[in-house]
Protein chains: 2
Amino acid sequence: MTIFAIIGHLAATTGGFNLNDMPGGAGRMDVLCRSVNASLFLSHDLRRDVTVYLVLLGGTDAPKTILFSGEKIRSLNPDERSAGALIKKALELPVGEEFRESTRGVYVRRGGLSRLLGEHAFAVLDEGGEDVSSVASFPEAFLLSDHLNFTSEELDLTKNCHKYSVGPKILHADHTITVLLNVLDRRFIGQG
Amino acid sequence: MTIFAIIGHLAATTGGFNLNDMPGGAGRMDVLCRSVNASLFLSHDLRRDVTVYLVLLGGTDAPKTILFSGEKIRSLNPDERSAGALIKKALELPVGEEFRESTRGVYVRRGGLSRLLGEHAFAVLDEGGEDVSSVASFPEAFLLSDHLNFTSEELDLTKNCHKYSVGPKILHADHTITVLLNVLDRRFIGQG
């Protein structure tokens with residue numbers, strides 16, 4: 001099992017956003033959609049052993065967390081609108097403190113980063129971290145930020161998390177996930 | 001300079017397609033949009049040393065080739081619709097045998113793969129190729145297919161091209177580009 005959590009600092013927390021304006025009105029929801037794609041898609045297959053959390057911090061109903069289960073999901077296509085439509089549908093549901101399924105394999109609840117950090121042992125993927133190419137063993141869960149840097153509060157919450165980077169250039173969150181999964185794919189084969 | 005060319009076997013060659021239906025009516029144009037993103041974007045920056053060719057083979061006006069110049073382009077955002085809108089605008093232009101600029105850094109011409117193969121020394125990124133992790137030096141140009149396999153005609157045209165793969169799992173074209181660029185980023189730093 002590999003877990004990714006991506007913080008959407010401006011991302012909508014209600015379902016009224018327009019799928020045609022995910023970078024604007026939906027608060028860079030496009031970044032989160034691409035991160036879902038990078039986490040779950042193989043060619044003509046899905047990564048059934050990956051779970052993705054989207055921590056949505058924008059708008060009036062924040063924070064909310066959406067979970068995409070690679071094991072359970074059925075109706076996801078690789079284009080941004082497909083993930084966006086599932087997020088929109090999840091955000092249209094009345095929701096409480098526990099995860100509620102909105103479509104097969106997609107769940108939503110109230111709550112944000114601090115709760116999530118108590119549930120999994122996260123490492124942070126960030127430009128200043130240890131290069132993954134020299135790492136002997138990895139944790140199960142990885143936290144990334146969207147197009148914005150971690151806030152000081154988030155840095156404080158994650159100050160004891162190990163930090164990893166994926167190489168010499170600073171990449172988008174979804175590209176970072178793709179590179180890390182390639183590293184993990186190679187390790188798994190090496191151990192097989 | 002690094003060059004990527006992606007074949008869109010069903011991709012629209014006229015500008016009438018709907019940006020809300022790129023996977024359907026535009027012939028999996030979403031795959032090509034994500035490949036442009038993977039080729040050109042760094043975090044808060046563009047890869048100015050990368051050029052992308054999209055070889056569009058769908059519809060009644062095929063083949064056409066669109067060129068995205070990382071060096072010249074200005075108005076590209078990372079979401080799929082942004083690249084899609086630039087492709088649509090290019091395909092709305094009357095076009096001949098030579099590249100014509102449609103927006104800053106985006107060009108379109110008639111012609112397809114055979115012409116392009118005569119212009120650059122392409123290697124092919126495909127699942128059966130040599131693993132990039134053990135390659136000492138790389139060519140400048142890489143050819144990929146979209147969600148469909150190369151046709152028998154394309155295989156024949158590329159039979160003398162070297163083949164590379166990016167790891168043990170079969171990935172989408174855009175994820176393959178992301179992994180390869182990370183390998184090249186690491187090599188370049190290593191040589192620096």
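Nothing here was measured: the structure is a model prediction, and the numbers come from that model. Just so you know, these numbers use all the heavy atoms, side chains as well, and skip hydrogens, waters and symmetry mates. Naming convention: chains lettered A, B, ... in sequence-line order (proteins, then strands); numbering from 1 in each chain.
- Once rounded to the nearest 0.5 Å, the distance linking CD1 of A:Ile7 with CG of A:Leu54 reads 11.0 Å.
- Counting all heavy atoms, side chain and backbone alike, B:Ala5 lies closest to B:Leu116 at CB-CD2, 3.8 Å.
- In this pair, B:Tyr107 and B:Phe99 present their aromatic rings perpendicular. The plane angle is above 60°, beyond the 30 to 60° band.
- Shortest non-hydrogen contact noted between A:Leu56 and A:Ala11 is CD2-CB, 3.8 Å.
- Between A:Glu154 and A:Leu57, the closest side-chain pair of non-hydrogen atoms falls below 4.5 Å.
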Intermediate values then yes/no, side-chain contact (heavy atoms from CB on, under 4.5 Å), B:Phe122 and B:Ile3: CA-CA 9 Å; B:Phe122 276 96; B:Ile3 294 164; 4.1 Å; yes
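- Closest approach of B:His120 and B:Ala141 over heavy atoms only: CB-CB, 4.0 Å.
- Interface residues of residues 161-176 of chain B toward chain A, defined by a heavy-atom distance below 4.5 Å and sorted by number: B:Val166, B:Gly167, B:Pro168, B:Lys169, B:Ile170, B:Leu171, B:His172, B:His175.
- When the salt bridge (Lys or Arg N to Asp or Glu O under 4.0 Å) test is applied to A:Asp146, no partner is found at least two apart in sequence or on another chain.
- Considering every non-hydrogen atom in both B:Ala90 and B:Ile66, the closest pair reads CB-CD1, 4.0 Å.
- Screening B:Asp61, B:Thr65, B:Thr13 against B:Arg110 for a side chain to side chain donor-acceptor pair (under 3.5 Å) leaves a single residue, B:Asp61.
- Applying a 4.5 Å heavy-atom cutoff, the residues of residues 77-84 of chain B that approach chain A are B:Pro78, B:Asp79, B:Glu80, B:Arg81.
- Looking at B:Asn182, the atoms closer than 4.5 Å to chain A (heavy atoms on both sides) all sit in the side chain, from C-beta outward.
- Of the residues considered (A:Val183, A:Thr178, A:Leu181, A:Ile177), A:Thr178 shows the highest number of contacts with chain B, using heavy-atom pairs under 4.5 Å.
- Under the 30°/60° scheme for interplanar angles, the aromatic rings of B:His9 and B:Phe150 are found to stand perpendicular.
- A heavy-atom distance below 4.5 Å is not found between the side chains of A:Thr2 and A:Leu180.
- Among the residues in residues 25-51 of chain A, those with a non-hydrogen atom closer than 4.5 angstrom to a non-hydrogen atom of chain B are A:Arg28, A:Asp30, A:Arg34, A:Asn37, A:Ala38, A:Phe41, A:Leu42, A:Ser43, A:His44, A:Arg47.
- Side-chain contact between B:Tyr53 and B:Leu143: absent, with no pair of heavy atoms (C-beta onward) separated by less than 4.5 Å.
- Between B:Glu98 and B:Arg115 there is a salt bridge, with a side-chain nitrogen of the basic residue lying less than 4.0 Å from a carboxylate oxygen of the acidic one.
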